[in-house]
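See below for the structure under consideration.
Per chain, numbering begins at 1; letters A, B, ... match sequence-line order.
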Amino acid sequence: MSLKPLFHQAIQNALLTLDLKESDLPNYTIEAPKDPSHGDLSTNIAMVSAKAAKEAPQSIAAKLADALRTQSDLFIDIGVAGPGFINIRFKSSVYHQEMKELAEHANVFGRNKAFDGKKIILEFVSANPTGPLTVGHGRNAVLGDTMARLYEWCGASVTREYYFNNAGRQMRMLGESVKARYAQQLGKEAELPEGGYEGEYISEIAATLVEGHGNALLSEEGEGVFKEAAEKTILEDITRTLDRMQVKMDSFFNEHSLYENKAIYDVVEKLNEKGLVYQKDGAVWFATSQLGKDKDTVLIKKSGEPTYRLPDIAYHRDKLDRGFDLCIDIFGADHIDTYPDVLRGIDVLGYDVSKIDVLVYQFVTLVKDGKPYKMSTRKANFVTLDELMNEVGSDVTRFFFLMRSPSTHLEFDVAQAKEASDKNPVFYLQYAHARIQSVLRKVSEELGENRSGDVEWSTLEHEAEHSLMKKLFFFPDVIETAARAKEPHKVITYLQETAQEFTHFYHECRIMGEPKNVMASRAKLAEVTATVLKNGLSLLGVEAPESM
RNA sequence: GCGCCCGUAGCUCAACUGGAUAGAGCAACUGCCUUCUAAGCAGUAGGUUACAGGUUCGAGUCCUGUCGGGCGUACCA
């Protein structure tokens with residue numbers, strides 16, 4: 001279903017006849033050359049093995065090419081080029097055979113076994129319930145969810161977890177803020193606390209409380225009913241927002257449970273047994289300087305409250321205890337510093353650190369009126385995810401967040417996103433899909449039920465048909481690469497190229513009005529392309545419309 | 001100061017993780033709608049990959065240094 005294994009196998013067979021042994025070979029790669037005139041696939045095997053074999057790369061390549069010629073009937077062309085690349089071109093019949101197999105289960109095409117049977121937990125969003133999700137959280141949510149989908153397509157069973165903390169100063173402040181608004185709405189003198197939350201949503205929560213309880217709550221503490229009401233409402237709102245974005249969490253993990261079951265104190269105890277814990281200035285310290293860090297780290301403040309690092313370590317231990325093979329955290333660049341401390345802790349506790357991995361993404365810079373825009377949940381001058389989706393919809397929102405590599409800053413021009421949505425690249429993909437469906441409807445009218453019958457793949461000989469087929473074959477590789485590298489944008493790049501190949505084919509090769517066998521095979525090729533586009537878009541959480 | 005990330009076309013970004021002549025979209029320009037969706041296609045123009053060294057058959061990609069930007073560097077989360 002993918003061309004690479006065919007070539008790989010042929011190389012293995014050819015090697016048997018040469019002196020070169022597989023064990024002598026460093027890792028060689030098989031790639032599709034950028035320039036298609038070089039061939040369908042290319043390998044650097046001769047170059048990378050030249051040193052060990054003490055032989056010129058061109059000479060090795062020539063021998064190997066000869067062996068391939070005599071042993072394999074898959075190729076129409078085998079050549080040696082440049083510094084020692086071996087380039088091959090497959091016979092048409094290979095394309096047709098592969099297409100036949102692909103078409104038989106196109107709807108699952110792309111699924112692979114790269115993470116087969118693995119239990120993976122992804123932690124993402126994890127915003128504390130102090131306000132609505134912002135554009136900044138959006139990138140986190142979409143990256144996490146899309147990674148989850150990618151792993152699922154690679155055979156893993158995936159848990160999406162939202163880790164949150166409903167205690168601490170922020171939440172206290174939230175309760176006080178709601179209480180202040182509540183009192184104000186009842187005509188009492190009250191001021192927002194210093195550093196309180198100013199957003200409109202606070203007033204709305206207060207208004208609901210006024211409606212439900214009148215002035216009965218005036219004597220209550222901010223930390224009590226007010227905080228609880230705010231937390232409940234905000235978490236519901238967050239869930240609704242995620243829902244709109246096609247993000248569904250499998251579990252919510254409350255940080256507080258790690259206090260209740262004493263997990264955090266057990267961590268301190270275990271670390272203490274290793275002699276890595278001490279007291280100083282009334283606080284409890286983790287001797288991270290003995291583990292390669294330049295200074296030690298506070299685990300429990302002198303107030304008796306743990307810092308976030310302690311529950312973080314306990315949380316990751318909990319995940320490993322739950323039997324996950326891989327724990328991935330999706331972090332914004334500002335949280336990256338917690339990661340090494342967690343690893344140190346987990347390592348000392350005797351767990352396999354390699355099971356913990358992190359996807360760090362850079363910040364979203366919001367651009368408004370051509371200027372960068374500073375956001376703060378507390379000041380309420382943020383743009384919420386809901387507002388954004390009201391303007392451009394969930395498809396465009398998700399696509400936008402995924403378009404760029406996580407390691408680069410994402411510039412989000414609000415004005416541009418709000419206007420001219422027809423210039424957005426997501427529509428190019430959706431349009432290609434809709435256009436295929438439209439053609440297929442016409443073909444079905446023409447051919448009736450016969451359309452899905454036996455397809456004469458051998459009629460597909462046009463250059464445009466070949467390059468489209470070739471593109472399709474690589475889909476599973478792309479998914480695997482994107483999952484391993486944790487770079488979902490690779491899927492987008494691929495889909496755009498695929499849509500481009502399709503429109504090229506669409507303009508070069510008419511479907512309607514051709515002889516029936518040609519019409520049928522081209523329609524089938526178009527149909528499979530649509531399915532691949534749809535599969536890819538579903539990985540991104542984006543709709544593949546039947547018409548536009 | 002130190003740590004992590006980034007610097008590629010006018011702008012926003014790719015480049016299959018070390019491969020061959022660095023590619024797309026937007027913006028600009030030239031063509032193409034009496035035959036399957038013009039939200040499209042074909043073409044033109046645009047580059048010393050921040051800079052200087054190094055590693056090797058081969059560097060945008062790896063190493064060292066310099067410059068510039070972002071984020072950290074809390075007994076905040």
Taking the [atom1] atom in each of [N] and [M], what is the distance between them to the nearest angstrom?
N: B:rA28; M: B:rG10; atom1: C1'; value: 10 Å
N: B:rC11; M: B:rC67; atom1: C1'; value: 23 Å
N: B:rG46; M: B:rC2; atom1: C1'; value: 41 Å
N: B:rC63; M: B:rC5; atom1: P; value: 9 Å
N: B:rG7; M: B:rU49; atom1: P; value: 14 Å
N: B:rC75; M: B:rU64; atom1: P; value: 30 Å
N: B:rA50; M: B:rU21; atom1: C1'; value: 24 Å
N: B:rA77; M: B:rG40; atom1: C1'; value: 49 Å

Think [X] has a side-chain N or O under 4.0 angstrom from the OP1 or OP2 of [N]?
X: A:Y428; N: B:rC41; value: yes
X: A:T408; N: B:rA14; value: yes
X: A:T503; N: B:rC41; value: yes
X: A:H507; N: B:rA38; value: no

Does B:rC16 count as syn, meaning its glycosidic angle lies within 90° of 0, or as anti?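 Nucleotide B:rC16 adopts anti.
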
B:rU8: syn or anti, per glycosidic angle within 90° of 0: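 Anti, since the glycosidic angle lies more than 90° from 0.
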
Base, sugar-phosphate, or nothing: which does [X] touch, judged by heavy atoms less than 4.0 Å apart?
X: A:S438; result: base
X: A:E487; result: base
X: A:Y494; result: nothing
X: A:A432; result: nothing
X: A:A56; result: nothing

Could you check whether A:Y339 and A:F331 have their ring centres less than 6.0 Å apart?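 A:F331 vs A:Y339: aromatic centres not under 6.0 Å.
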
Would you say [Y] and [X] are linked by a side-chain donor-acceptor pair, where the criterion is simply a distance under 3.5 Å?
X: A:D395; Y: A:Q430; value: yes
X: A:T130; Y: A:N128; value: no
X: A:Y278; Y: A:D296; value: yes

Write down the protein N/O and nucleotide N/O pairs, taken from nucleotides 19-24 of chain B, whose separation is under 3.5 Å; answer none if there are no such pairs.
residue	atom	partner	partner atom	Å
B:rG19	N7	A:N44	ND2	3.3
B:rA20	OP2	A:K34	NZ	3.0
B:rA20	N6	A:S42	OG	2.6
B:rA20	N6	A:N87	OD1	2.7
B:rA20	N1	A:N87	OD1	3.4
B:rA20	N1	A:N87	ND2	3.1

Mind calculating the distance between [atom1] ([X]) and [atom2] ([N]) to the nearest angstrom?
X: A:K51; N: B:rU56; atom1: NZ; atom2: P; result: 7 Å
X: A:E55; N: B:rC57; atom1: CD; atom2: P; result: 15 Å
X: A:F427; N: B:rG25; atom1: CZ; atom2: C1'; result: 15 Å
X: A:K293; N: B:rG3; atom1: NZ; atom2: P; result: 14 Å
X: A:R404; N: B:rC26; atom1: CZ; atom2: P; result: 13 Å
X: A:H8; N: B:rC16; atom1: NE2; atom2: P; result: 21 Å
X: A:I492; N: B:rU12; atom1: CD1; atom2: C1'; result: 14 Å

Can you figure out which of B:rA15, B:rU37, B:rC5 approaches the side chain of A:Q362 most closely?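 Closest nucleotide among those given: B:rC5.
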
Who passes side-chain hydrogen bond (donor to acceptor under 3.5 Å, both in side chains) against A:R398, sequence neighbours left out?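 Checked A:R398 against side-chain hydrogen bond (donor to acceptor under 3.5 Å, both in side chains); matches are A:D145, A:T146.
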
For A:N140, what residues pass the side-chain hydrogen bond (donor to acceptor under 3.5 Å, both in side chains) criterion, not counting sequence neighbours?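 So A:N140 forms a side-chain hydrogen bond (donor to acceptor under 3.5 Å, both in side chains) with A:Y361.
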
Closest-nucleotide mapping onto RNA chain B: is A:M548 or A:S407 further toward the 5' terminus? I mean the 5' end.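 Its nucleotide being nearer the 5' end, the pick is A:S407.
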
For A:E546 and for A:I30, locate the closest nucleotide of RNA chain B by heavy-atom distance; then report the residue assigned to the nucleotide nearer the 5' terminus.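 Result: A:I30.
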
Just distance, no hydrogens or angles: give the donor-acceptor pairs under 3.5 Å from side chains in residues 431-440 of chain A, sequence neighbours left out.
residue	atom	partner	partner atom	Å
A:H433	ND1	A:P545	O	2.8
A:H433	NE2	A:Q437	NE2	3.3

Verify, without hydrogens or angle tests, whether A:R522 (side chain) and A:T459 (backbone) share a donor-acceptor contact under 3.5 angstrom.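 Not confirmed, A:R522 side chain does not pair with A:T459 backbone.
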
A:K4: which residues meet the salt bridge (Lys or Arg N to Asp or Glu O under 4.0 Å) condition with it, sequence neighbours left out?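 Result, salt bridge (Lys or Arg N to Asp or Glu O under 4.0 Å) vs A:K4: none returned.
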
With sequence neighbours excluded, residues passing ring-ring contact (aromatic ring centres under 6.0 Å, His included) with A:Y494: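 A:Y494: ring-ring contact (aromatic ring centres under 6.0 Å, His included) contacts with A:F475.
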
Among residues at least two apart in sequence or on other chains, which ones pass ring-ring contact (aromatic ring centres under 6.0 Å, His included) with A:F90?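 Here the qualifying residues are A:F75.
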
Taking side-chain contact (heavy atoms from CB on, under 4.5 Å) as the definition, give me every residue that meets it alongside A:S303, ordered by chain and number, with sequence neighbours left out.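 With neighbours one apart ignored, the set is A:K301, A:E305.
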
For A:D77, what residues pass the side-chain contact (heavy atoms from CB on, under 4.5 Å) criterion, not counting sequence neighbours?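 In terms of side-chain contact (heavy atoms from CB on, under 4.5 Å), with neighbours along the sequence ignored, A:D77 is linked to A:R89.
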
Can you list the stems that include RNA chain B, where a stem is three or more consecutive Watson-Crick or G-U pairs with distances under 3.5 Å?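 Looking at RNA chain B, the stems formed by three or more consecutive pairs are B:1-7 with B:67-73, B:10-13 with B:23-26, B:28-32 with B:40-44, B:50-54 with B:62-66.
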
Contact list for residues 469-497 of chain A, test salt bridge (charged side-chain N to carboxylate O under 4.0 Å, His left out), sequence neighbours left out: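 Found A:D40-A:K470, A:D357-A:K486, A:K471-A:E497, A:E480-A:R484, A:E487-A:K490.
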
Sugar-phosphate means primed atoms, P, OP1 and OP2; the rest is base. With that split, encode nucleotides 72-77 of chain B 5' to 3' as B, S or - using protein heavy atoms under 4.0 Å. SSSBSB

